[in-house]
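Predicted, not measured: the structure shown is a model, and the values here were computed from it.
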Amino acid sequence: MAQPDDMFGDEDYPAYTMGRAAEIVGTSQDFLRRLDELKLITPQRSAGGHRRYSRYQLRLAARAREMVEQGTAVEAACRIIVLEDQLEEALRINAERQRLT
């Protein structure tokens, strides 16, 4: 099992509260809730039911915020980010397979 110090280095460790996440991303808590509704990011829940965000999720939220500020509808921004993420993963898998053959 990972030690507490190791977990904070993990991109997927839910280290940030909603308030801190909104502050880091430079947006409102409502915007983060909207991204959750649109399934761009699904924060983990603490034992008390509070949302907790990872650094990876904060990067996605920051990208969505940038796109919305540039005039993209939030729904479209979320879909674009999901597609970009899927493409990146497919390219990574493809490169890995080519390396093995």
Quick check for you: to the nearest 0.5 Å, what is the distance between [X] atom [atom1] and [Y] atom [atom2]?
X   : Y   : atom1 : atom2 : answer
E37 : K39 : CD    : NZ    : 8.5 Å
L38 : I81 : CG    : CD1   : 10.5 Å
Q44 : S54 : CD    : OG    : 8.0 Å
Y53 : T42 : OH    : OG1   : 9.5 Å
Q29 : E23 : CD    : CD    : 10.0 Å
L40 : R63 : CG    : CZ    : 11.0 Å

Taking A15's backbone N and O only, do any of them form a donor-acceptor pair with R52's side chain (distance below 3.5 Å, no angle check)?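 Yes, because the side chain of R52 sits within donor-acceptor range (under 3.5 Å) of the backbone of A15.
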Whether R65 side chain and V25 backbone form a donor-acceptor pair below 3.5 Å: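 Yes: the side chain of R65 pairs with the backbone of V25.
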Worked check of side chain to side chain contact (heavy atoms under 4.5 Å, CB included) between R51 and R45: CA-CA 5 Å; R51 290 174 175 90; R45 297 287 182 144; 3.4 Å; yes
Under 4.0 Å between a side-chain nitrogen and a carboxylate oxygen: does that hold for D30 and R33?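 Counted as a salt bridge, because a side-chain N and a carboxylate O are separated by less than 4.0 Å.
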Could you go through residues 85-92 and list every donor-acceptor pair under 3.5 Å that involves a side-chain atom there, pairing it with any protein atom two or more places apart or in another chain?
residue : atom : partner : partner atom : Å
D85     : OD1  : Y56     : OH           : 3.0
D85     : OD2  : Y56     : OH           : 2.7
E89     : OE1  : R92     : NE           : 3.2
E89     : OE2  : R92     : NH2          : 2.6
R92     : NH1  : E96     : OE1          : 3.1

Of the non-hydrogen atoms in [X] and [Y], which two are nearest, and what is the gap between them?
X   : Y   : answer
A64 : A77 : O-CB, 4.4 Å
D10 : D12 : OD1-N, 2.9 Å
A22 : S28 : CB-C, 3.9 Å
A61 : I41 : CB-CD1, 4.3 Å
M18 : L32 : O-CD1, 3.8 Å

Between L35 and V74, does a side chain to side chain contact (heavy atoms under 4.5 Å, CB included) hold up when you go through it step by step? CA-CA 8 Å; L35 297 181; V74 68; 4.0 Å; yes
State which residues pass salt bridge (charged side-chain N to carboxylate O under 4.0 Å, His left out) with E66; sequence neighbours excluded, sorted by chain then number.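 E66: no salt bridge (charged side-chain N to carboxylate O under 4.0 Å, His left out) contacts found.
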